[in-house]
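On a predicted model such as this, the values are computed, not experimentally measured, just so you know.
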Amino acid sequence: MQQLDVSGYDIVLQSTTHCAKYIKTSPKTLVITYCHNPFRLVWSTESYEKVFNAGLVKKFVYTKVLNFLKGFDKAFADRTNWFITNSKEVLPRIQAAYQPKNEVAIINPSVKCNNFFLSGRAGEYYLVVSRFEPYKKVDMVVDTFIAMPDKKLVVVGKGTMEAEIKKKSGPNITYLSGLNSEELAGVYANCKAFIFPQLEDYGITPLEANASGRPVIAYGKGGVLETMIPYEGDSLHSTAVFFEEQTKESLTAAVEKFEQLEFDSEFIRSHAESFDEGAFVSKIRQFVLKKYALSNGTPGELVEVFKPKAVVA
C-alpha cells in the first residue's frame with residue numbers, strides 16, 4: 001500500500017481495518033478514514049489463538065513484532081483528519097487505539113435492498129446464513145433445532161466446523177451452499193424468520209432478511225442494537241425478537257415467543273430501506289463535503305456541484 005501515491009489529491013477517502021491508511025498522501029490532503037475496526041492483530045491480539053496460546057519464546061517474538069506494528073499503525077492513523085466507523089460497538093476501540101483528533105462519526109454500512117424481494121407469504125423454515133466458525137454459533141442453532149424436530153431449519157454457508165456440525169444434524173435440518181444471488185434472495189424471501197445467534201460489530205445479514213420482509217430472531221448484543229427494532233409489545237412495528245443468552249434454552253424461548261406474534265413484512269422492508277445503499281452514499285457524500293468546507297474555512301457550506309479530485313483506497 002505504501003507504493004500507492006495519491007499525494008496529488010484534495011481528498012482521500014479510505015475504507016480500512018489496517019493497510020489502506022499506509023498509502024502516500026500530501027500533508028495538505030484531507031484524509032477521511034472509514035475504519036471498520038482498528039488493526040485486529042495488533043490492537044486485539046488476544047482474539048488470535050495462535051498468538052494467545054503461543055509458548056514463551058514464540059510469544060516473546062510475537063510481542064516484539066506486534067509492538068513495532070502497533071507503533072507503525074498508530075503513526076499512519078495519526079494522518080487521518082476525520083474518522084468514520086460502522087457502529088457504536090467499534091467506536092470505543094478506535095478511540096482507545098488511535099486517540100482521534102476529532103469526533104468519530106458513525107455511518108452504518110448499507111444493504112442493497114434491490115437484491116432482495118418480498119414473497120408475500122411466510123415460509124415453513126427458519127434460516128441461518130453464516131460461515132461455520134466457532135463464534136458464529138451455528139452449532140448452537142443446530143443443537144436447538146435437533147431438540148425441536150417439528151420445526152425446519154435451513155443453513156446456508158461453509159466453514160471450518162462444517163463436517164462437525166453436519167455429523168450431528170437431524171432430518172429437519174437442510175444445508176445449502178454455493179447459491180447465486182438470486183437463489184439466496186429466494187431463500188431469504190421464503191423463510192419464516194432469520195436466526196442471528198452471534199455477536200457482531202455490525203452484521204449485514206439481519207438487514208438482508210429485513211430487506212426480504214422477514215423478521216429476525218437475534219442475540220440482542222452488538223450491531224443488531226443499531227439495525228433492528230426489537231419486539232417490545234408491538235410486533236407489527238418490530239423487525240426482530242431478541243434473546244439474551246447464547247444458549248439453546250434462550251434461543252428456544254425466543255422461537256416459541258416468535259411463533260405467538262404477527263409481523264408486517266411491508267413495515268420490515270421499509271425499515272431496511274432506511275439502510276439502503278443510496279442512503280449510505282448520501283450520508284458519506286454529505287460528510288465529506290462538510291469536512292472539506294470546514295477545512296477551507298467555509299463551515300456548513302455544501303456546494304453540490306463541487307467535484308474535487310478524489311480517490312477511494
Side-chain angles (χ1 to χ4, degrees), residues 1-45 47-48 62-112 201-202 204 275-313:
M1 293 304 294
Q2 289 187 288
Q3 301 304 309
L4 179 57
D5 187 347
V6 292
S7 56
Y9 291 87
D10 302 306
I11 301 170
V12 171
L13 171 61
Q14 53 197 20
S15 175
T16 185
T17 55
H18 57 289
C19 64
K21 60 181 172 288
Y22 304 155
I23 59 179
K24 293 179 181 178
T25 59
S26 164
K28 294 182 179 180
T29 300
L30 177 68
V31 179
I32 300 174
T33 301
Y34 195 117
C35 182
H36 303 278
N37 202 78
F39 188 179
R40 288 183 187 273
L41 181 61
V42 300
W43 299 104
S44 303
T45 305
S47 66
Y48 286 80
Y62 283 146
T63 300
K64 287 288 186 181
V65 173
L66 293 176
N67 282 341
F68 168 78
L69 288 174
K70 185 176 289 187
F72 184 84
D73 191 61
K74 174 65 165 63
F76 279 90
D78 286 345
R79 299 187 309 172
T80 293
N81 300 101
W82 296 92
F83 276 96
I84 307 171
T85 192
N86 54 24
S87 69
K88 294 176 183 177
E89 189 79 10
V90 178
L91 177 60
R93 300 177 203 160
I94 294 174
Q95 292 170 328
Y98 299 140
Q99 296 93 48
K101 57 178 73 90
N102 291 307
E103 183 180 0
V104 180
I106 297 173
I107 300 179
N108 298 133
S110 61
V111 60
K112 294 183 179 180
D201 296 339
Y202 188 66
I204 272 297
F275 293 88
D276 193 30
E277 190 172 45
F280 173 78
V281 170
S282 177
K283 289 174 184 176
I284 290 289
R285 187 168 188 270
Q286 293 302 309
F287 183 89
V288 171
L289 286 173
K290 284 182 180 179
K291 300 316 177 189
Y292 185 78
L294 184 64
S295 70
N296 282 276
T298 54
E301 275 192 29
L302 300 182
V303 184
E304 290 302 321
V305 296
F306 164 66
K307 293 181 180 179
K309 295 179 186 177
V311 66
V312 176

Minimal non-hydrogen separation, [X] against [Y], with atom names:
X      : Y     : value
Val90  : Cys35 : CG1-O, 4.4 Å
Cys19  : Thr16 : N-OG1, 3.5 Å
Asn108 : Asn86 : ND2-O, 2.9 Å
Thr85  : Tyr34 : O-OH, 4.0 Å
Ala20  : Gln14 : O-OE1, 3.4 Å
Lys74  : Ala97 : CD-O, 3.5 Å

Under 3.5 Å, side chain of [X] to main-chain N/O of [Y], donor-acceptor pair present?
X      : Y      : value
Lys21  : Asp78  : no
Ser87  : Tyr202 : no
Ser295 : Tyr292 : yes

*Anything under 30° is parallel, anything over 60° is perpendicular, the rest tilted; go ahead and classify Phe83 against Tyr98.*
parallel
More than 12 heavy atoms of other groups within 6.0 Å of [X] [atom1]:
X      : atom1 : result
Glu103 : CD    : no
Gln3   : CD    : no
Lys88  : NZ    : no
Lys64  : NZ    : no

*Considering residues at least two apart in sequence or located in another chain, which fulfil the side-chain contact (heavy atoms from CB on, under 4.5 Å) criterion with Thr29?*
Val12, Thr25, Ser26, Val31
To the nearest 0.5 Å, what is the distance between [atom1] ([X]) and [atom2] ([Y])?
X      : Y      : atom1 : atom2 : value
Thr33  : Arg79  : OG1   : CZ    : 9.0 Å
Trp43  : Leu66  : CH2   : CG    : 11.0 Å
Phe76  : Lys24  : CZ    : NZ    : 9.5 Å
Ser110 : Asp276 : OG    : CG    : 7.0 Å
Phe39  : His18  : CZ    : NE2   : 5.0 Å
Asn37  : Glu89  : CG    : CD    : 9.5 Å

*Lys/Arg cation over aromatic Phe287: Lys283, 6.0 Å, 45° cone*: no
*Leu4 and Tyr22: side chain to side chain contact (heavy atoms under 4.5 Å, CB included), yes or no, with the steps?*
CA-CA 9 Å; Leu4 179 57; Tyr22 304 155; over 6 Å; no
*So which of Ile284, Val288, Asn81 actually passes side chain to side chain contact (heavy atoms under 4.5 Å, CB included) with Ile32?*
Val288
